[in-house]
Amino acid sequence: MRIIRAEIITIGDEILYGHILDTNSQWMAARLSELGIKVTKIISISDTREAILEAVQHSDSDIQLITGGLGPTKDDVTKTTLCEFTEDELKIHPVAEAHVRELFESRGLPFTEINRLQAAIPSKCEYLHNAAGTAPGMWFNHENRIIVSLPGVPVEMKYLMSEEVIPKVKERLKPPMLAHAYLKTAGIGESFLAEKIAHWEESLPEEMKLAYLPDLAEVKLRLSSFGGHTVEELQKKFEEIIPIIDDFVYAKEDVTLEKSIGELLLNQNATLSTAESCTGGNIAHQITKVAGSSSYFLGSVVSYANSVKLDILKVKSETLSNFGAVSEETVTEMALGVQRLTGSTYAIATSGIAGPGGGTPGKPVGTIWMAVTNGNETITKKLNLKRDRLGNIEYTTKAALNLLRLQLRGIWQK
């Protein structure tokens with residue numbers, strides 16, 4: 001079976017300077033992967049004739065997707081460079097011209113010559129209609145290779161990919177069917193996970209490939225097949241390892257930990273509140289990013305100061321005096337305090353030293369305590385992290401959510 005290979009090229013000095021993040025490549029790569037096309041290279045280049053020529057002249061891909069450099073200003077040279085490469089010339093495309101004219105006139109703006117030049121494209125390329133903007137897309141068939149040039153504005157690129165490019169790719173390249181299935185795990189490192197499922201991974205048929213995609217406090221497993229297997233068949237294959245790693249699996253599809261927890265809370269008709277010190281409300285933020293979270297999330301107390309722990313959460317003064325704010329005893333009382341305050345079924349509490357300052361020999365930076373309670377049972381966990389401040393906050397957020405997942409499922413891992 002022939003693999004179709006693709007390259008993604010983003011053009012723009014603003015990407016190379018680090019002024020903006022290249023989200024286009026990530027989005028395009030994901031769409032190509034869904035089509036069964038293998039992305040072999042992603043590069044960002046300067047908006048110059050020399051850089052663009054270098055990129056298009058030295059390629060062994062079946063399709064190159066280029067974004068950026070299609071504006072009306074003099075520093076946008078993609079069209080003229082592609083004309084030079086394909087030995088073509090720019091001509092005003094009548095449909096493109098009518099579209100740009102209508103856009104400007106509908107907004108009460110003058111239609112100038114510089115606006116009209118946006119409708120100029122190489123005469124031999126296929127015009128791709130951009131209903132989301134003024135810069136047209138261009139499709140070249142050049143020496144057994146497809147080159148597609150798209151605007152760099154994300155909304156315009158996505159429109160053209162979805163409405164013009166992907167349908168043409170399906171029709172003309174007929175890529176092989178690629179299927180993906182996912183298992184999402186939390187609370188286990190990549191190497192330990194790999195060790196647990198090594199025998200199963202070694203037994204996979206040749207047309208199936210397993211990828212480990214680690215993130216903070218979790219690992220996503222992706223099983224892919226170019227061999228005609230359906231998603232359902234891949235999911236069934238994953239079922240073989242569920243008994244081995246069940247305690248760590250939080251989803252059998254590509255969803256977030258917070259969404260998975262929301263579903264567990266809904267299924268149990270349960271509610272949640274949080275008392276956050278070192279995470280500063282980030283747990284509540286992640287929970288409430290999920291649509292419909294108002295059905296189960298009641299509220300949060302960001303008890304950064306000890307006075308808030310004492311006055312609002314009713315942490316005992318002797319607890320703080322004897323054990324300190326960063327302690328198992330304090331987070332236990334914080335969790336019980338916010339549960340009483342809100343009337344929630346479950347509550348999460350965190351307290352720690354996120355850094356970069358504030359550590360002591362006994363409690364260095366990265367010392368974190370967290371607790372989850374249902375009023376009858378409280379489970380706690382200590383973290384000893386070595387990340388920067390934001391990394392410590394993000395890791396603690398994921399770890400605390402996973403602690404809640406364990407209690408929701410009736411699991412407690414020492």
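Index from 1, following the sequence.
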After noting the C-alpha distance and the side-chain angles of E333 and T319, does the key distance pass the side-chain hydrogen bond (donor to acceptor under 3.5 Å, both in side chains) rule? CA-CA 9 Å; E333 293 186 24; T319 300; 2.6 Å; yes
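- A donor atom on one side chain and an acceptor atom on the other are found under 3.5 Å apart for S46 and D13.
- A donor and an acceptor atom, one from each side chain of S59 and E7, are located under 3.5 Å apart.
- Side chain to side chain, S277 and K309 meet the donor-acceptor criterion of an N or O pair below 3.5 Å.
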Going through the checks in order, is the side chain to side chain contact (heavy atoms under 4.5 Å, CB included) test met by H58 and E54? CA-CA 6 Å; H58 300 93; E54 173 73 17; 3.6 Å; yes
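- For the side chain to side chain contact (heavy atoms under 4.5 Å, CB included) criterion with L65, the lone passing option out of M157, R31, M28 is M28.
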Go through the steps for L90 and T80 under the test side chain to side chain contact (heavy atoms under 4.5 Å, CB included), then give the verdict. CA-CA 7 Å; L90 289 175; T80 56; 3.9 Å; yes
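- For E87, the CD atom sits in a loose shell: 12 or fewer heavy atoms of surrounding residues, nucleotides or ligands are nearer than 6.0 Å.
- Annotation: Q26, atom CD; neighbour count of heavy atoms from other residues, nucleotides and ligands within 6.0 Å does not exceed 12.
- Between A6 and L32, the closest heavy-atom pair is CB-CD1, 4.0 Å.
- Of all non-hydrogen atoms in F238 and A181, the two that sit nearest each other are CE1-O, 3.3 Å.
- When all heavy atoms are compared, the tightest approach of T78 to I11 is OG1-CD1, 3.5 Å.
- At a threshold of 4.0 Å, the pair R101-E97 counts as salt-bridged, since one of the basic side-chain nitrogens sits closer than that to a carboxylate oxygen.
- N402 and R405 share a side-chain donor-acceptor pair at under 3.5 Å.
- Within 6.0 Å of CG on N269 lie no more than 12 heavy atoms contributed by other residues, nucleotides or ligands.
- A salt bridge is defined here as a Lys NZ or Arg NE, NH1 or NH2 lying under 4.0 Å from an Asp or Glu carboxylate O, and E328 with K382 fails to meet this definition.
- Of the possible donor and acceptor atoms, none in the side chain of S25 sits under 3.5 Å from a partner among the backbone N and O of D22.
- Closest heavy-atom contact between K316 and L310: C-CD2, 4.0 Å.
- Within a 6.0 Å sphere centred on NZ of K252, other residues, nucleotides and ligands contribute 12 heavy atoms or fewer.
- K209 contributes no side-chain N or O that, together with a main-chain N or O of S225, makes up a donor-acceptor pair within less than 3.5 Å.
- Ion pairing of K168 with E164 is present here, as a side-chain N (NZ or NE/NH1/NH2) and a carboxylate O approach within less than 4.0 Å.
- Checked for salt-bridge contact, R172 and E126 meet the test: a charged N lies under 4.0 Å from a carboxylate O.
- Note on ring orientation: taking the six-membered ring where Trp is involved, the planes of H99 and H129 are perpendicular (angle over 60°, cut-offs 30° and 60°).
- With hydrogens and angles left out, the side-chain atoms of T345 and T271 include a donor and acceptor closer than 3.5 Å.
- Counting only heavy atoms from C-beta outward, the side chains of I353 and P364 never approach each other to under 4.5 Å.
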Should V95 and Y127 be marked as a side chain to side chain contact (heavy atoms under 4.5 Å, CB included) after you check the CA-CA gap, both sets of side-chain angles, and the distance that decides it? CA-CA 9 Å; V95 177; Y127 164 71; 3.8 Å; yes
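- In this structure the side chain of V219 never reaches within 4.5 angstrom of the side chain of D215, judged on heavy atoms.
- Counting non-hydrogen atoms of neighbouring residues, nucleotides and ligands closer than 6.0 angstrom, the NZ atom of K38 reaches no more than 12 such neighbours.
- Put simply, the side chain of L408 reaches to within 4.5 Å of the side chain of Q268, judged on heavy atoms.
- Across all non-hydrogen atoms, the minimal contact from A325 to S351 is O-OG, 2.8 Å.
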How far apart are the C-alpha atoms of T332 and T378, what are their side-chain angles, what is the distance that settles it, and do they pass the side-chain hydrogen bond (donor to acceptor under 3.5 Å, both in side chains) test? CA-CA 7 Å; T332 297; T378 301; 5.8 Å; no
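- Within a 6.0 Å sphere centred on NZ of K220, other residues, nucleotides and ligands contribute more than 12 heavy atoms.
- A heavy-atom distance below 4.5 Å is found between the side chains of V290 and Y296.
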Full working for side chain to side chain contact (heavy atoms under 4.5 Å, CB included) between E276 and S303: CA-CA 6 Å; E276 303 184 53; S303 52; over 6 Å; no
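- T274 and S300 share a donor-acceptor pair across their side chains, judged by distance under 3.5 Å alone.
- Of all heavy-atom pairs spanning V326 and K363, the tightest one is O-NZ, 2.7 Å.
- No more than 12 heavy atoms of other residues, nucleotides or ligands sit less than 6.0 Å from atom CD of E195.
- With T350 as the fixed residue, the side chain to side chain contact (heavy atoms under 4.5 Å, CB included) test singles out one of I393, I283, L383, T397: I283.
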Walk me through it: do D246 and R409 pass the test salt bridge (charged side-chain N to carboxylate O under 4.0 Å, His left out)? CA-CA 11 Å; D246 184 52; R409 289 194 55 198; 2.8 Å; yes
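- Ring pair Y17/H19: centre-to-centre distance below 6.0 Å.
- Looking at heavy atoms from C-beta onward, I9 lies out of side-chain contact with I42 at the 4.5 angstrom threshold.
- A salt bridge does not link R145 with D62: every distance from a Lys NZ or Arg NE/NH1/NH2 to an Asp or Glu carboxylate oxygen is 4.0 Å or more.
- Summarising the local packing, CD of E206 is surrounded by 12 or fewer heavy atoms from other residues, nucleotides or ligands at distances under 6.0 Å.
- Side-chain contact between I121 and K91 is absent, with no heavy atoms from C-beta onward closer than 4.5 Å.
- Distance alone, capped at 3.5 Å, is enough to place a donor-acceptor pair between the Q407 side chain and the E377 backbone.
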Could you walk me through whether E89 and S123 pass the side-chain hydrogen bond (donor to acceptor under 3.5 Å, both in side chains) test, one step at a time? CA-CA 6 Å; E89 61 180 344; S123 64; 5.0 Å; no
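- In this structure, T373 contributes its side chain and L336 its backbone to no donor-acceptor pair below 3.5 Å.
- Proximity of L210 to R222: side-chain heavy atoms (C-beta onward) are nowhere separated by under 4.5 Å.
- Side-chain atoms of E202 do not come within 3.5 Å of backbone N or O of H199 as any donor-acceptor pair.
- Side chains of T330 and S327: a donor on one and an acceptor on the other come within 3.5 Å.
- Ion pair D254/K259 not flagged as a salt bridge, since none of the NZ, NE, NH1 or NH2 atoms sits closer than 4.0 Å to an Asp/Glu carboxylate oxygen.
- Looking only at side-chain heavy atoms (C-beta outward), S33 and H180 come within less than 4.5 Å of each other.
- Between the side chains of T279 and T396, not a single donor N or O lies within less than 3.5 Å of an accepting N or O.
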